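Below is one structure; the comments refer to it alone.
Just so we're on the same page: letters track the sequence lines, and every chain starts at 1. Values reported hereafter were calculated over all heavy atoms of this structure, with side chains retained and with hydrogens, waters and symmetry mates removed. This structure is a prediction, so every number in the text was calculated from the model and none was measured.
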There are 4 protein chains.
Amino acid sequence: MGPRLRTAPRKQPTQARATATVEVILQATARLLGKDGYDHLSTNKVAAAAGVSVGSLYQYFPSKEALVAALAERHRERVMGLVLERIAAHVDSPPEVAIREIVRGIIEAHGRDRALHRVLSEQIPRIGKLKTLIEDIEVHAAGAVRAWLERRPHGVRVKDPAVAAFIVSHAVEAAVHAGVLGDAAIDPAVLEDEVVDLVLRYLVK
Amino acid sequence: MGPRLRTAPRKQPTQARATATVEVILQATARLLGKDGYDHLSTNKVAAAAGVSVGSLYQYFPSKEALVAALAERHRERVMGLVLERIAAHVDSPPEVAIREIVRGIIEAHGRDRALHRVLSEQIPRIGKLKTLIEDIEVHAAGAVRAWLERRPHGVRVKDPAVAAFIVSHAVEAAVHAGVLGDAAIDPAVLEDEVVDLVLRYLVK
Amino acid sequence: MGPRLRTAPRKQPTQARATATVEVILQATARLLGKDGYDHLSTNKVAAAAGVSVGSLYQYFPSKEALVAALAERHRERVMGLVLERIAAHVDSPPEVAIREIVRGIIEAHGRDRALHRVLSEQIPRIGKLKTLIEDIEVHAAGAVRAWLERRPHGVRVKDPAVAAFIVSHAVEAAVHAGVLGDAAIDPAVLEDEVVDLVLRYLVK
Amino acid sequence: MGPRLRTAPRKQPTQARATATVEVILQATARLLGKDGYDHLSTNKVAAAAGVSVGSLYQYFPSKEALVAALAERHRERVMGLVLERIAAHVDSPPEVAIREIVRGIIEAHGRDRALHRVLSEQIPRIGKLKTLIEDIEVHAAGAVRAWLERRPHGVRVKDPAVAAFIVSHAVEAAVHAGVLGDAAIDPAVLEDEVVDLVLRYLVK
DNA sequence: AATGAATGAGAATTCATTCAT
DNA sequence: GATGAATGAATTCTCATTCAT
């Protein structure tokens with residue numbers, strides 16, 4: 001599905017100055033990506049916006065894709081961290097509480113860096129290597145949900161925890177994503193109630 | 001958010017030869033889209049792959065986006081047609097039956113032209129006119145679900161049909177999409193049962 | 001010795017207009033190559049000097065190397081033609097006459113398009129695929145000389161015609177090349193006498 | 001004819017460590033020159049391949065050309081040394097002996113570092129300072145031959161020693177170069193006999 | 001209707017070289 | 001002496017689009 005693109009970071013900055021350069025480049029990437037979209041992004045524009053030379057950019061990123069990949073990877077770490085942490089915090093809470101807290105965590109995670117999150121989620125599937133990244137997230141998330149389900153055999157009514165985890169994680173992600181980031185945004189409190197309801201009725205009651 | 005894009009088809013082919021040309025162009029577009037991705041698609045390549053001249057291509061499609069839009073539009077019509085038809089056929093069926101039939105319709109729709117469906121959903125940039133196209137589909141689907149809900153005030157337990165339709169349509173689409181097209185495909189019968197369960201418990205019981 | 005470079009011509013011009021474009025591009029290449037040398041040649045400069053767009057250039061030549069390769073191939077045909085013709089015309093002339101005429105032909109061939117000849121011969125070895133071209137010439141030339149030798153077993157004193165042809169063709173080419181094109185050019189008449197002497201004494205007397 | 005190039009070595013390494021650095025850089029240059037060719041050589045690549053920083057490279061070589069010039073100069077010294085030494089050793093030998101020894105010396109010189117020799121002769125652009133370097137060699141060699149000829153007015157039959165030296169040195173170099181380094185290499189003993197014959201008949205008998 | 005030659009703005013990318021540390 | 005981050009002009013090359021034939 002698309003040719004292989006070079007997304008591997010080119011070299012690690014070792015000096016502090018270099019780290020700052022990489023930082024400033026990624027920030028400019030995020031800004032332009034949010035403003036103009038992926039297609040209108042160009043390495044020259046990014047470099048100019050970051051106030052560094054193109055040469056410096058290419059010292060660290062071999063291509064436009066690599067730029068976006070690095071940004072996505074960073075973002076993924078933050079978002080997944082927030083959600084997994086919430087799941088971990090509620091391994092032993094009663095389902096009603098756990099589910100509400102986790103759903104709220106997901107809604108919050110989508111609320112952070114909305115513009116960046118939106119543009120990344122839209123563009124990522126098109127960027128070869130990044131498909132893997134998004135799949136990692138899904139597998140990761142579904143895995144966590146499954147583990148959560150398997151810990152409470154009596155509290156849930158589900159036959160196959162793997163399938164249920166798969167269904168639930170995709171359904172929740174999509175509903176929250178659309179509800180928070182879509183053009184027709186939904187009031188977060190309502191969204192939370194409804195999604196919790198969706199999940200609770202499917203898994204528990 | 002990008003320059004103004006012309007996506008309206010330029011003219012309708014009237015002669016049989018012209019229809020064949022359009023057909024061959026769209027097929028080449030689909031093929032290249034799958035092979036190289038949207039970014040590496042080019043009108044020249046499409047024309048070459050289709051065995052026609054660029055000039056001929058521009059006779060029918062005013063831009064690269066129009067090419068992809070036409071392909072997507074075509075596919076949308078088939079898929080949405082199948083689903084809306086299923087919804088229409090079950091306006092008055094009992095919820096259990098209606099929901100199962102509709103879900104089955106959605107699963108079937110995703111099964112048709114799997115490769116094309118996957119490519120379109122991954123490769124279409126979610127900006128410009130193409131973005132609108134995609135959002136239209138979502139709004140359309142949610143609208144149909146909402147209408148369906150509003151027809152049966154006593155059969156469903158939902159407070160706000162608009163919100164419920166929104167949640168449900170996104171959740172179902174995502175679960176089915178991932179279940180049918182994802183790397184870890186799920187047995188269609190199991191998928192059907194689980195998605196029906198998800199919807200039924202949320203909307204009805 | 002050096003990476004493989006794309007030197008194959010990209011597409012054949014079919015319309016008269018296209019043929020003219022190719023012609024004008026090659027002429028500009030020759031001009032710039034003679035004036036600035038290979039390293040200072042660039043596709044943009046060539047296009048500008050030819051009065052066509054870069055795009056047109058790339059329609060026919062995939063790289064800078066291809067440009068030079070096409071030029072070299074053309075030049076080779078002319079030069080080799082002139083020399084082989086001279087050899088053919090004197091298959092049956094007495095050695096003294098034949099050798100003088102052939103040597104004169106080679107000197108004349110080097111005299112045509114001196115600047116182009118000089119720059120091509122200097123740059124060709126560096127351009128991957130073109131090594132073959134130059135070797136072709138040598139093999140070709142040595143072959144013709146050998147055939148010439150083998151036709152007159154009694155007139156020549158040579159043991160192994162293949163070796164003698166090899167030695168003679170390289171020696172003559174180098175002496176004439178340096179004598180005609182070198183910074184310290186030699187009077188053509190003197191050059192002719194001396195080279196004829198060199199060859200005649202080696203092969204015949 | 002190209003910008004002014006600085007090819008003079010920047011400074012002499014004085015410490016042992018520095019000498020080793022220079023050595024390692026030149027070796028990397030030779031390796032890359034053989035692998036990628038002159039055009040694809042870059043100071044950054046050379047530094048990386050040599051395991052030193054670009055900064056260090058520029059400490060000793062002020063430009064890319066200087067790098068190649070140093071390599072060529074080194075090789076030239078070895079090769080020319082061997083040949084001139086042989087010429088000097090036979091100033092007073094009878095022509096048959098002298099010529100045979102000198103030709104043998106030239107063949108041996110081409111046999112040393114064949115790969116490097118081939119690469120240098122093919123890849124060095126014949127422009128700018130590097131051109132001069134090459135011409136120096138030719139002039140030097142022709143000069144030595146001329147001096148040798150002028151010392152023995154009675155032993156040789158040549159009218160103009162300068163012209164004869166010019167012809168002979170180019171002819172011999174070309175024949176030996178092709179015979180030793182060409183794709184169709186010739187047995188060194190045969191090569192020696194034939195080249196000696198060529199020279200002897202032209203100059204002496 | 002169809003062709004395909006031509007365009008040229010603009011994107012990606014390299015690389016010799018400098019200089020602060 | 002050595003390092004390697006930074007530079008940016010220059011170059012290669014693509015591609016959507018037009019238009020004469």
Intra- and interstrand pairs of DNA chain E - dot-bracket, Watson-Crick/G-U under 3.5 Å, | marks other strand: .||||||||||||||||||||

Residues forming a salt bridge (Lys or Arg N to Asp or Glu O under 4.0 Å) with A:R17, sequence neighbours excluded: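 Listed in chain order: nothing, the list is empty.
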
Drop me the distance from B:L67's CG to B:L57's CG, to the nearest 0.5 angstrom.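 CG of B:L57 is found 5.5 Å from CG of B:L67.
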
Heavy-atom pair of closest approach, residues B:F61 and B:A66: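 Residues B:F61 and B:A66, closest heavy atoms: CD2-O, 4.0 Å.
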
Roughly how many Å is it from CZ in C:F61 to P in F:dT11, rounded to a whole number?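 Whole-Å distance recorded here is 20 Å.
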
Whole angstrom value for the distance that separates P of E:dT17 from NZ of D:K45: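 Answer to the nearest Å: 15 Å.
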
Which nucleotide in the set F:dT11, E:dA16, F:dC13 lies at the smallest distance from any side-chain heavy atom of D:K64?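 It is E:dA16.
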
Strictly under 3.5 Å: I want the nitrogen or oxygen pairs between protein and nucleotides 7-10 of chain E, one per line.
{"unit_1": "E:dT7", "atom_1": "OP2", "unit_2": "C:S53", "atom_2": "N", "d": "3.1"}
{"unit_1": "E:dT7", "atom_1": "OP2", "unit_2": "C:S53", "atom_2": "OG", "d": "3.3"}
{"unit_1": "E:dT7", "atom_1": "OP2", "unit_2": "C:S56", "atom_2": "OG", "d": "2.9"}

Can you check whether D:H40's main-chain N or O pairs, donor with acceptor, with D:K45's side chain at less than 3.5 Å?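 The answer is yes, because a donor-acceptor pair under 3.5 Å joins these two groups.
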
If you compare every side-chain N and O of [X] against the phosphate oxygens of [N] (OP1, OP2), does one of them come in below 4.0 Å?
| X | N | value |
| --- | --- | --- |
| B:Y58 | F:dC19 | no |
| B:Y60 | E:dA1 | no |
| A:S42 | E:dA12 | yes |
| B:T43 | F:dC15 | no |

Does the side chain of A:T43 pick up a donor-acceptor pair with the side chain of A:Y58 at under 3.5 Å?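 A:T43 vs A:Y58: donor-acceptor pair found between side chains.
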
Please classify the nucleic acid contact of B:L41 as base, sugar-phosphate, or nothing, using heavy-atom distances under 4.0 Å.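 Sugar-phosphate, backbone atoms only, no base.
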
Scan residues 19-34 of chain C for pairs that pass salt bridge (Lys or Arg N to Asp or Glu O under 4.0 Å), counting only residues two or more places apart or in two chains.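 Found C:E23-C:R74.
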
Contacts of type side chain to side chain contact (heavy atoms under 4.5 Å, CB included), residue C:A30, not counting sequence neighbours: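 Listed in chain order: C:L71, C:L116.
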
Please name all residues satisfying ring pair (Phe, Tyr, Trp, His ring centres under 6.0 Å) with C:H75, sequence neighbours left out, ordered by chain then number.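 Partners of C:H75 by the ring pair (Phe, Tyr, Trp, His ring centres under 6.0 Å) criterion, ordered by chain and then number, come out as C:H117.
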
